[in-house]
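Residue numbers begin at 1 in each chain, while the letters A, B, ... track the order of the sequences.
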Amino acid sequence: MSEEISVSRHGKPTKSPADSASAAPRLRLAGITKTYGPTRAIDGLSFGVAAGDIVGLIGANGAGKSTLMRVLAGVTHPDAGEMDVAGEPIDFAAFSPQAARKLGIRIVHQELSLCDSLSVAENFYVEQPRPNDFNPLWLQDYRRMALDSLQAIFPDNGITVDKPISQIPLPQRQMIEIARAACDPLLRVLILDEPTSSLDSLRAEQLARFIRDRAAAGVAVIFISHKLKEVAAIATRILVLRNGALARESGNVPMTSHEMVAAMVGEASQELERLHRSSFNMAGKVLVEITSPWAGQSIPLRAGQIVGLAGLEGNGQREFLRALYGAARGNRAPGLSCRATASFVPGDRKAEGLFPLWDVLRNATIGIIAAGRNGGVLREKAEMSTAKAWLEAVQIPIARLVSPILELSGGNQQKVLMARALMAETDVVLLDDPTRGVDVQIKRDFYRLVRTLAEAGKLVVWYSSETIEFAECDYVLLFHDRSIRRTLSGSDLTEDAIVNASFSEKDDVQISAPPPSRTTNLHLNALSLMPFFTTALLLLVIGLLNRNAVSALGLDLLMTAAIPLVLVSLAQLFIIGGSEIDLGIGAFAGLTNVISATILVSDPAIGCACLALALAGYMAFGLLVQARSIPAIIVTLGASFVWLGIGYTLQQTPGGSSPGWLADLAAFSVLNIPASALCLLAASVLALAANMSRRGVVLRAFGANPLAMVQSGWSPLSAALARYAISGAFGLAAGLAMTAINTASDINAGNSYTLLSIAAVVIGGSSLAGGRITPLGTVFGAISLSLVGSLLGLLDASTDYNALVQGGLLIGIIMLQTILSKAAP
Amino acid sequence: MRVLDWMRNNRWSFAAAGVATLWLLLSVITSHFTLNSLSGVATSASFLVIVAVGQMFVVGSGSGNIDLSLPSVMTVSAFVTLILSQGRNAGLFLALPAVLAIGLATGAANAFLVVKLRIPAIIATLAIGYVLDSATLIANRELEVFTVSSMLRAISSSRPGGVPSILLLALALIVVASAIVRTTSYGRTLMAVGQNAGAAHLAGIRVGRTTTIAFLISSVLGALGGMLLSAHAGGAYLQMGEPYLLQSVGAVVVGGTLITGGSVTALGTFFGSILLVLLVTTMQASGWSPGMQQVVQGVMIIAILAAAGSGMGRRAA
């Protein structure tokens with residue numbers, strides 16, 4: 001433990017702050033404090049970072065590193081304290097991620113913020129957009145930027161900048177995320193949060209070299225890592241955080257790993273305060289057995305034990321708890337066998353624990369009610385008295401029984417969740433970091449409760465992000481990379497030992513990320529080729545049934561029939577790309593059909609105005625969805641009735657005619673290529689252009705990762721406006737096409753297109769989850785569906801079966817997609 | 001204001017207030033607003049109530065769940081009733097199980113797609129609706145007789161003591177639905193799932209099972225509603241369920257059930273149904289064209305959501 005690690009590992013002289021070029025510190029913090037409820041995340045933190053400094057920031061779980069980073073990046077505002085950047089004081093009220101970026105502060109987060117469905121180059125654009133110039137080759141600049149910056153940091157990286165992030169393995173994603181932030185020409189302060197967590201030693205070394213170069217050029221670097229050796233090798237100064245405050249700061253004197261760990265843990269408390277328990281129960285019944293892949297050798301967990309799950313956050317502890325919960329409920333869980341009942345106490349109260357509309361009573365009793373003990377009928381008195389008894393046990397005042405749960409403090413809410421689990425009286429109780437953000441008094445009550453449970457013969461499995469809590473445990477399992485590496489018990493069980501073990505996992509473990517397996521690519525390629533394949537197949541079958549149908553004239557007819565569906569599908573495509581669904585697009589096309597066949601004919605000026613008004617209305621509905629956060633389905637469903645109602649008012653029965661210019665357009669042909677083919681071509685080109693434009697990239701990014709986009713400063717409202725403008729335009733075109741083709745209008749003619757358009761988009765390869773837009777696939781998907789209709793006609797199948805086929809097709813395709821995507825690893 | 005606070009805690013009161021207001025408006029507009037016309041409104045509203053209660057359970061299960069197959073289930077059930085009963089009471093012994101089977105099968109199919117395959121409910125139920133539409137078209141060819149069995153007609157259209165029997169049925173349904181939600185474990189677990197499916201899972205609830213039952217309830221009620229509607233209308237015709245799509249969602253939302261799930265009110269759905277039917281009646285009495293009536297219904301639902309909306313709703317697809 002006492003190996004000397006020299007800061008100047010590679011022979012380069014240590015840079016002392018005094019040697020730095022500029023006198024004023026790049027970054028200075030004074031008295032920064034941030035409190036979340038009863039927890040002081042940062043407590044009066046003060047330090048400075050000079051230009052050219054490489055500051056290594058280390059600390060145990062919960063020491064305050066993440067909160068500090070959020071303050072520096074403008075995501076969170078501190079409750080007190082000051083910050084200067086290059087001598088200029090920061091006004092926190094106005095400080096935001098965009099403002100931080102303008103000052104040259106760039107942060108690479110631990111959780112990657114790339115947009116999965118966008119390419120590498122497109123992700124670079126989204127981070128650093130430059131003003132619009134009408135340059136169709138705008139992406140080239142960003143390709144170059146991506147290639148250059150990746151090459152500068154990680155030479156010979158082999159990353160294809162046109163590939164979507166979803167097809168790129170994790171280590172490369174981390175490299176991209178780093179390059180994206182580091183290539184900012186205005187860079188002054190670079191903050192890296194666990195940047196090498198997925199990098200192998202070669203890449204980590206390249207990163208280290210890059211950091212030194214940038215520091216030499218005057219950039220200030222803050223480097224957070226749990227890999228102590230790495231931090232020691234690269235940092236010019238080391239700051240150790242403990243409980244939100246600066247525990248130790250090193251200068252030129254190098255720190256050993258031992259010293260770093262000691263500083264993180266606290267010199268005074270090397271031994272945990274072991275509160276006395278009656279004998280550690282080694283004789284209880286084995287309730288859980290852990291085997292591979294979770295553990296190398298079989299580990300039994302027994303009744304009456306308190307078992308802690310330790311290790312750095314994110315190493316599989318929470319997944320283990322959930323898998324154990326599933327195993328207890330009878331689900332398949334490889335490596336776990338559990339012959340007992342289990343209840344779960346979640347720590348992320350808002351997301352996984354509370355039922356916000358209910359009071360304390362109902363939140364508490366839902367566990368036993370779900371178990372259906374009263375034969376399915378609720379008895380108010382019995383419920384009340386049971387709840388009272390258990391709430392007393394967790395020390396919540398009875399008066400609070402009818403308070404809305406959200407009115408309670410975090411600690412008390414946690415107690416209610418504990419009561420819920422206890423009421424179920426299961427053999428095993430699973431705790432998922434329940435004392436996070438809870439005040440000290442309630443924590444003590446918790447520990448007492450846990451001990452009572454163990455004494456009553458329960459098995460308690462407890463994940464905690466605070467090492468000191470493992471004092472309560474009999475037995476601690478140390479997690480690393482989703483498996484248990486060590487177990488500690490008895491006299492081995494000290495905070496020092498736990499922290500040491502967590503931090504000293506081999507720093508240079510080769511992360512062997514498997515290359516995207518052949519099967520993944522095969523599945524993806526099969527999916528994306530499907531629409532073209534089905535179109536060809538259908539044409540073949542149709543041709544076999546009737547030669548004439550695939551003659552030049554026949555094809556023209558087939559394509560003409562497909563045009564309205566293609567256009568409606570393209571409209572739906574951009575909506576689905578934003579992870580919404582438009583239930584009214586068919587009706588909207590019907591409305592523009594009616595307007596263009598009636599008003600537009602009799603009075604072109606008013607007709608155009610009406611069409612413009614309809615488009616504006618369509619966009620307004622889209623804006624409403626975003627602005628008021630209401631579900632798009634209901635709005636578009638209501639909108640469909642508005643379109644139908646207006647259309648019906650304009651024209652009660654089908655009729656109308658096509659305006660002259662539109663009829664001419666329909667007959668237009670170039671080089672013997674009929675208008676239908678030209679129209680499909682034009683639609684495809686326009687859709688592709690829209691999708692590949694800057695705006696299109698932004699829309700896809702919003703569909704993929706809206707939070708990251710908002711944090712980068714993009715406006716969701718203007719994105720919604722653009723999205724619905726594009727869709728509305730295609731919907732309008734669909735209506736005009738229907739007028740041109742049918743030379744008449746019928747308000748109900750567009751209704752069947754709604755469902756079919758969803759099917760076409762799904763066939764085309766776009767995901768219903770949003771973010772992925774495939775215009776060509778959608779066009780051919782729509783053509784395929786239209787061909788199915790024609791095929792049914794040729795087969796003399798009754799039109800009664802059309803709806804069945806359409807519905808069946810949609811279900812079949814989605815099922816196929818689900819199966820294929822699950823089969824791919 | 002204490003009154004306003006009470007109303008916020010009992011959201012059905014907004015719909016009830018709306019009903020009272022519209023009723024007043026209607027009596028002012030039409031000088032002869034007789035008890036007969038009120039009974040007509042109550043009858044139409046009762047059919048909507050049957051279907052809306054089913055929709056209410058599905059919406060209550062949260063996660064953006066909605067049942068768009070209701071109109072198709074209603075229509076196909078109407079056809080099947082007429083075909084199998086052939087206008088005879090004895091035929092009901094054949095028709096009723098068949099209709100129930102249709103409801104259960106549809107609900108099961110919806111649930112399978114949504115729970116097992118994780119297909120968003122809008123798409124799943126829309127697709128199932130399409131499949132049922134085809135079945136309706138086929139049934140349409142088989143339909144020859146347009147007579148309704150007298151027993152069924154008695155339930156749907158008689159007036160014991162001047163009160164429409166269908167209204168009594170609707171009220172009974174409201175009482176039962178309310179009881180399920182408030183006094184059974186299922187009702188409680190459904191509300192939990194609707195608020196936070198993840199938390200419900202960790203609390204020990206079988207989320208899939210709970211959601212499935214909601215879809216089953218909805219489709220069965222839709223099927224029964226279609227059966228009764230065929231008796232009332234004296235026949236079955238294509239698209240007869242069509243108006244009930246938007247109206248079932250509207251009645252639920254206007255009545256105070258949260259569109260995001262987790263909180264339902266059967267009483268509110270009742271008043272919401274009456275409100276919608278009254279709205280249509282008011283518009284008809286004012287001589288508004290059917291087109292405008294559709295527009296107003298669409299706008300009203302969006303407006304109510306937008307007013308209640310922000311923060312409560314998610315940008316659910």
Side-chain angles (χ1 to χ4, degrees), chain A residues 325 343-344 346 351-358 362 366-367 369-372 374 376-378 420 424 579-581 583 621 624-626 628-635 637-642 644-650 755 758 768 800-804 806-808 810-811 814-815 818, chain B residues 64 66 113 117-120 122-124 126-131 133-135 137-138 141 182-186 188-189 192 195-196 198-199 202-205 245-246 249 253 259-260 262-263 289-299 301-302 305-306 309-317:
Chain A
Y325 181 63
S343 57
F344 199 100
E352 299 182 322
L354 303 176
F355 296 108
L357 299 174
W358 279 351
R362 289 182 193 207
I366 185 63
I369 284 176
N374 289 323
V377 179
L378 305 176
R420 180 197 293 171
S579 61
E580 295 171 8
I581 293 185
L583 282 181
F621 280 129
L624 198 62
V625 169
Q626 184 63 44
R628 297 293 289 172
S629 302
I630 13 180
I633 13 161
I634 312 290
V635 174
L637 185 62
S640 75
F641 277 77
V642 174
L644 286 172
I646 297 178
Y648 195 68
T649 309
L650 289 174
L755 182 72
I758 300 175
L768 286 172
D800 295 349
Y801 290 103
N802 269 1
L804 178 72
Q806 289 164 9
L810 181 59
I811 298 175
I814 296 188
M815 278 175 74
T818 313
Chain B
I66 193 172
L113 293 179
L117 296 187
R118 300 194 182 278
I119 301 178
I122 4 165
I123 297 181
L126 201 59
I128 296 285
Y130 262 58
V131 170
D133 283 345
S134 263
L137 284 169
I138 298 170
R141 283 190 258 131
R182 285 164 192 257
T183 68
T184 65
S185 324
Y186 174 71
R188 197 64 81 78
T189 55
Q195 288 178 66
N196 189 335
L202 292 175
I205 295 176
L245 178 56
L246 185 69
V249 175
V253 165
I259 193 67
T260 43
S263 172
S289 73
M292 282 316 293
Q293 290 181 35
Q294 267 189 315
V295 172
V296 170
Q297 284 186 66
V299 168
I301 290 172
I302 296 177
L305 267 184
S310 119
M312 251 183 11
R314 302 181 303 249
R315 240 182 86 205

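For the options Thr183(B), Val296(B), Val131(B), heavy-atom pairs under 4.5 Å to chain A are most numerous at Thr183(B). The greatest number of non-hydrogen atom pairs below 4.5 Å with chain A, out of Ile119(B), Ile128(B), Asp133(B), is found for Ile119(B). Comparing Gly198(B), Ser134(B), Ala127(B) by heavy-atom pairs within less than 4.5 Å of chain A, the highest count is held by Ser134(B). Of the listed residues Gly647(A), Pro356(A), Pro346(A), the one with more heavy-atom pairs under 4.5 angstrom with chain B than any other is Pro356(A).
Heavy atoms closer than 4.5 Å to chain A are found in both the backbone and the side chain of Thr184(B). In this structure, chain A has heavy atoms under 4.5 Å from both the backbone and the side chain of Ile205(B). Using a 4.5 Å cut-off between heavy atoms, Tyr325(A) contacts chain B through its side chain alone, with no backbone atom that close. The part of Leu810(A) that comes within reach of chain B is its side chain, from C-beta onward, which places non-hydrogen atoms under 4.5 angstrom from that chain. Arg182(B) touches chain A through its backbone: at least one of N, CA, C or O sits under 4.5 Å from a heavy atom, while the side chain does not. For a residue to count as touching a neighbouring chain, one of its non-hydrogen atoms must lie under 4.5 Å from one of that chain's; by this rule Leu624(A) touches chain B with the side chain only. The part of Val249(B) that comes within reach of chain A is its side chain, from C-beta onward, which places non-hydrogen atoms under 4.5 angstrom from that chain.
To the nearest 0.5 Å, atoms CG (Leu126(B)) and CG (Leu755(A)) are separated by 4.5 Å. Here CD1 of Ile369(A) is found 4.0 Å from CZ of Arg188(B). Values are rounded to the nearest 0.5 Å. Between atom CZ of residue Phe641(A) and atom CG of residue Leu245(B) there is a gap of 5.5 Å, rounded to the nearest 0.5 Å. To the nearest 0.5 Å, the span separating CD1 on Ile634(A) from CD1 on Ile301(B) amounts to 8.5 Å. With rounding to the nearest 0.5 Å, the separation of OG in Ser343(A) from CG in Leu202(B) is 11.0 Å. Put simply, OG on Ser263(B) and CH2 on Trp358(A) are 10.5 Å apart, with the number rounded to the nearest 0.5 Å.
Minimum interatomic distance between Asn196(B) and Leu354(A) (heavy atoms only, all atoms of both residues): ND2-O, 3.8 Å. Nearest heavy atoms, Arg420(A) versus Ala203(B): NH1-CB, 3.8 Å. What you find for Ile259(B) and Pro631(A) is that their closest heavy atoms are CG2-CG, 4.0 Å.
Judged purely by atom type and a 3.5 angstrom limit, Tyr648(A) has no side-chain atom pairing as donor or acceptor with the backbone of Ser289(B).
You'll find the side chain of Leu117(B) stays beyond 4.5 Å of the side chain of Ile814(A), heavy atoms only. Taking 4.5 Å as the limit, every side-chain heavy atom of Ser185(B) sits out of range of all side-chain heavy atoms of Val377(A). Looking at Gln294(B) and Val642(A), their side chains never come closer than 4.5 Å, going by heavy atoms from C-beta outward.
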